Undergrad: 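Here it is, the structure, as structure tokens.
Just the heavy atoms: all of them, side chains too, but no hydrogens, waters or symmetry mates, feed the values below. Predicted model, so just to flag it, every value in this text is computed and none were measured.
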Amino acid sequence: GGRISGTTALLGTMLSIKPVLHVDDEGHLIPVSKVRGRRKSLDALVDHMVQTCTHPEGQTIFIGHGDSLEDAEYVAKLVRQKFKVKTVILNYIGPVIGSHTGPNTMGLFFVGTER
């Protein structure tokens with residue numbers, strides 16, 4: 001979306017650097033961390049949930065993905081291992097978000113200490 005230079009994007013792709021982002025109360029994307037590798041980025045999403053989730057036992061957790069069902073199932077497995085959640089629902093990211101993020105996007109939605 002024009003937020004980083006082409007050189008930065010190319011280097012990030014070559015080194016397999018994945019941003020882990022948080023959306024604040026006003027809808028701004030806030031960088032949480034950067035990790036190397038797809039699996040580490042998925043683990044980082046769940047780690048962020050471990051740090052910030054409130055009362056997971058009563059929550060329905062949503063995982064949205066950009067045509068990466070296998071990775072979404074991996075995240076769901078981690079969530080179920082770490083929490084006794086009510087339900088985990090997997091679904092595709094919609095076309096509006098998907099057109100900005102591209103394929104293989106992963107979103108983990110839960111109620112936490114911050115919004």
Undergrad: With sequence neighbours excluded, what pairs up with Phe109 under the side chain to side chain contact (heavy atoms under 4.5 Å, CB included) test?
TA: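 With neighbours one apart ignored, the set is Phe62.
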
Undergrad: For Glu70, what residues pass the side chain to side chain contact (heavy atoms under 4.5 Å, CB included) criterion, not counting sequence neighbours?
TA: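 Side chain to side chain contact (heavy atoms under 4.5 Å, CB included) check on Glu70 returns nothing, list empty.
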
Undergrad: Show every donor-acceptor pair shorter than 3.5 Å between a side-chain atom in residues 39-47 and any protein atom, with sequence neighbours excluded, or say none if there are none.
TA:
| from | atom 1 | to | atom 2 | distance (Å) |
| --- | --- | --- | --- | --- |
| Ser41 | OG | Arg38 | O | 2.6 |
| Asp43 | OD1 | Tyr74 | OH | 2.6 |

Undergrad: Which residues pass the side-chain hydrogen bond (donor to acceptor under 3.5 Å, both in side chains) test with Thr101, not counting sequence neighbours?
TA: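 Testing Thr101 for side-chain hydrogen bond (donor to acceptor under 3.5 Å, both in side chains), a comparison that skips the adjacent residues, returns Thr105.
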
Undergrad: Consider only side-chain heavy atoms of I, L, V, M, F, W and Y, link residues closer than 4.5 Å, and tell whether Leu69 and Ile63 are in one cluster.
TA: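 Yes, same cluster.
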
Undergrad: Val88 and Ala76: which non-hydrogen atoms are nearest, and at how many Å?
TA: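 Scanning both residues completely, I find the closest heavy atoms to be CG1-CB, 3.8 Å.
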
Undergrad: When hydrophobic residues are tied together by side-chain contacts of less than 4.5 Å, even through go-betweens, does Ile61 share a cluster with Leu78?
TA: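 Yes, it is one cluster - the side chains of Ile61 and Leu78 are joined through contacts under 4.5 Å.
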
Undergrad: I need the Glu57 CD to Lys86 NZ distance, nearest 0.5 Å.
TA: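 So the gap between those two atoms works out to 11.0 Å.
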
Undergrad: Could you grab the distance from atom CG of Leu15 to atom CZ of Arg36, nearest 0.5 Å is fine?
TA: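 Atom-to-atom, Leu15:CG and Arg36:CZ are 5.0 Å apart.
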
Undergrad: Apply side chain to side chain contact (heavy atoms under 4.5 Å, CB included) to His28 and list each qualifying residue two or more places apart in sequence or on a separate chain.
TA: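 Side chain to side chain contact (heavy atoms under 4.5 Å, CB included) check on His28 returns Asp24, Glu26, Ile30.
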
Undergrad: Quick check for you: to the nearest 0.5 Å, what is the distance between His22 atom NE2 and Thr52 atom OG1?
TA: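 It is 7.5 Å, given to the nearest 0.5 Å.
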
Undergrad: Are Val32 and Ile17 in one and the same hydrophobic cluster, where Ile, Leu, Val, Met, Phe, Trp and Tyr link if side-chain heavy atoms are under 4.5 Å apart?
TA: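 No, because Val32 and Ile17 fall into different hydrophobic clusters, even though each may have its own neighbours under 4.5 Å.
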
Undergrad: Look at atom CG of Leu90 and say whether more than 12 heavy atoms of other residues, nucleotides or ligands are closer to it than 6.0 Å.
TA: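 Atom CG in Leu90 is packed in, count exceeds 12.
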
Undergrad: Got a sec, which residues hit side-chain hydrogen bond (donor to acceptor under 3.5 Å, both in side chains) with Asn91, two or more places apart in sequence or on another chain?
TA: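 In terms of side-chain hydrogen bond (donor to acceptor under 3.5 Å, both in side chains), with neighbours along the sequence ignored, Asn91 is linked to no residue.
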
Undergrad: Given Val23 and Leu29, is the side-chain contact (heavy atoms from CB on, under 4.5 Å) satisfied, shown in steps?
TA: CA-CA 5 Å; Val23 180; Leu29 289 174; 3.7 Å; yes

Undergrad: May I ask you to decide if Phe110's main-chain N or O and Gln59's side chain share a donor-acceptor pair within less than 3.5 Å?
TA: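 No; zero donor-acceptor contacts below 3.5 Å.
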
Undergrad: Apply the side-chain contact (heavy atoms from CB on, under 4.5 Å) test between Ser68 and each candidate in Ile93, Val75, Asn104; give the one that qualifies.
TA: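 Going through the options one by one, the only one that passes is Asn104.
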
Undergrad: Is the ring pair His65/Tyr92 parallel, tilted or perpendicular, if the boundaries are 30 and 60 degrees?
TA: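 Taking Tyr92 first and then His65, their aromatic rings sit tilted (interplane angle of 30° to 60°).
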
